[in-house]
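Fair warning: this is a prediction, and the values are worked out from it, not measured in the lab. Just so we're on the same page: letters track the sequence lines, and every chain starts at 1.
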Amino acid sequence: MVNDEIARLLREIAIYLEMDDVPFRPRAYEKASEGVLGSDEDMKEVYARGGLKALEQVPAVGVSIAEKIEEFLKTGRIAYHDELKKKVPVELGEFAGIEGIGPKTLKTLYQKLKVRNLADLEKAAQQGKIKKLPGFGPKSEENILQGIAFVRRSGGRFVLGQVMPEIELIRERLGVLAGVESVTVAGSVRRRKDTVGDADLLVIAKKPKPVMDYFVAMPEVVQVHAHGETKSSVKLKNGMDVDVRIVPKESYGAALNYFTGSKDHNVALRELAIKKGWKLNEYGLFAGTKRIAGKTEDEVYRKLGLRYIEPELREMTGELEAARKNALPDLIPYGSLRGDLQVQTDWTDGDASIEEMAQTAIKAGLDYIVITDHTKRLAMTHGLDAKRIKQQWAEIDRVNAALKKKGKKFTILKGTECDILKDGTMDLPDEILAQCDVVGGSVHSLFNLPEKEQTARIMRAMSNPHVDIIFHPTGRVLNKREAYAVNMPELIRHAKKTGTVLEIDAYPDRADLKAEHIRLCVEAGVKMSIDSDAHAPAHIQFLDYGVAQARRGWAGKKDIINAWPLEKMLKMLK
DNA sequence: GCCGTTTTCGGCCCGACTGTTTTCAGTCG
């Protein structure tokens, strides 16, 4: 995808323009950058399909920026960007994560101290040159050094499922403080993004000061960015920032809406308010000085002529229009899955026995699970061959019978996470696959095949009449491994044609399919499954992270086959 | 530079906190 690179250049142009205090245009470039980034079609293809006119259809891209994208596609450069960079030749990317350093500061640091990159900045700070500049002082210099140290230590984004327990702990602690009426998690955590940059907590309390004093003094706090009456911000040991805002009760809805974001969604709501002659901020919706809504989010949306929009949808991908037309999707509810279609056991690389996994699933309220151990190609997990999988079937029969005897209404199904080999054929013979209740196919090798080959490989697996589900359709591991190169729209078309299900993997750092892919599936009528990919009993609780991902992709119960009763689910499979 | 349920021209989101200042610019979300 060239989109990332184009988006980066456009964003950098915005920063350069901001350095010069150019009005409005920075925001235009920023929005265009987001428009390009949010597009699931490669700009190269958009251009090939319809030239400049097609580029102008990308959100926030107009005539001028379309020409710049065209220029990039033809020459690999944007002259305007080069020209701006010549004036202030700074490695903008290096400074991106440094708290408190914005365009104006960068420009000053370059002009006064010739700071071009992080190393220059660190040197200048260590030599005490920064605090002598007008407008700067010892504190700014110290903050810069701390910021550099932090960026060196961490990548900046966190996997939701990995930081959720800590966020929840802080929420509970604040909740029991004297005078605190409620604590709500807002921000990208509430929108259930698969990775989050920070956590935002919204508190209703009679006396803000003690809450803030407690918050900034928590044992895991390593740095206090801000400590005010209504807003405080800290960094935790794990590197994540947490913000707390305290608001009066009558503003709770407006504040929750504001702090939940996304930023673009909020801006659009405010613009809508302005059009109606009102003003929207975190304290409410105002006609002049009179508050006309704000106690609940629902009230704010209704007053603006919209239906209530679930947090997972607030990404400016058409939710406002849908809310106006009362055409929002009926999202799959949390806790509504009936089964789990990808579970590994100690027959391969899981920690627990078939029976233990079944017992945990029963406690979690599920009606069925599919045992999907790896196959022989994945030798390091002692993957199953035809002989061992038959032995496993006998064990599954035994456990099912035992459960039935105890009066449990629960079914363990026979399945496999079968490797898709390089040429798209399967790692187990068709004769075995035919006897499985559920067959999942996975790519576990040759992640770096060229896109054409990788796509063809997976499509061939889909064409196999026994392959029901493609597990890990993108293969990404958040913060660790990029998705492999596949043409997702083409895979989705082929899934429709062959009746193959695509998996939403609920394991927190997997999160295969991305939200935009899920949306494409919903639109195409391709069914999906939400699987925990559990390798231990505790992992079954991850299922709701997959539900979150599904909701972010506008999916309902009708789109997710394991939200259905067992019989209906089985009937859907090949 | 983009965009249109008021607009093809004239608008463009808003407030808290910090660090430097004696009233505010810059940054952030």
For the side chain of [X], starting at C-beta, report the closest nucleotide among [options].
X	options	value
H227(A)	dC13(B), dC2(B), dT18(B)	dT18(B)
Y283(A)	dT18(B), dG15(B), dC13(B)	dG15(B)
R245(A)	dG1(B), dC17(B), dA16(B)	dA16(B)
K231(A)	dG29(B), dC13(B), dC17(B)	dC17(B)
D198(A)	dG15(B), dG29(B), dT18(B)	dG29(B)
K275(A)	dT20(B), dT7(B), dG29(B)	dT7(B)
K104(A)	dG15(B), dC13(B), dG26(B)	dG26(B)

Write down the distance separating the [atom1] atoms in [N] and [M], rounded off to the nearest Å.
N	M	atom1	value
dG11(B)	dT22(B)	C1'	35 Å
dC9(B)	dC14(B)	C1'	25 Å
dG26(B)	dT21(B)	C1'	13 Å
dC12(B)	dA16(B)	C1'	22 Å
dT7(B)	dC2(B)	C1'	13 Å
dA25(B)	dT20(B)	C1'	9 Å

Test item: side-chain donor near acceptor, [X] and [Y], under 3.5 Å:
X	Y	answer
K68(A)	S64(A)	yes
Y110(A)	D120(A)	no
Y252(A)	T184(A)	yes

Starting from [atom2] on [N], measure out to [atom1] on [X] and report it in whole angstrom.
X	N	atom1	atom2	answer
L106(A)	dC28(B)	CG	P	10 Å
D264(A)	dG29(B)	CG	P	14 Å
K279(A)	dC13(B)	NZ	C1'	11 Å
L109(A)	dG26(B)	CG	P	13 Å

Mind checking [X] for me? I need base, sugar-phosphate or nothing, with any heavy atom below 4.0 Å counting as a touch.
X	answer
S233(A)	nothing
K139(A)	sugar-phosphate
P103(A)	sugar-phosphate
R27(A)	nothing
N143(A)	sugar-phosphate
I274(A)	sugar-phosphate
K68(A)	sugar-phosphate
K31(A)	nothing

Quiz item: Quick one: does Y258(A) reach the base of dG29(B) with a side-chain donor-acceptor pair under 3.5 Å?
Solution: yes

NZ/NE/NH1/NH2 to OD/OE distance under 4.0 Å, [X] and [Y]:
X	Y	result
E282(A)	K231(A)	no
R190(A)	E310(A)	no
R157(A)	D509(A)	no
K86(A)	E83(A)	no

For [N], does OP1 or OP2 lie under 4.0 Å from any side-chain N or O of [X]?
X	N	answer
S64(A)	dG1(B)	yes
T230(A)	dC17(B)	yes
S140(A)	dT20(B)	yes
T105(A)	dT27(B)	yes
N266(A)	dC13(B)	no

Quiz prompt | DNA chain B: 5'-proximal contact among S232(A) and F24(A) (nearest heavy atom) | solution = F24(A)

Quiz item: Should dG10(B) form a Watson-Crick or G-U wobble pair with both distances under 3.5 Å, which nucleotide is its partner?
Solution: dC3(B)

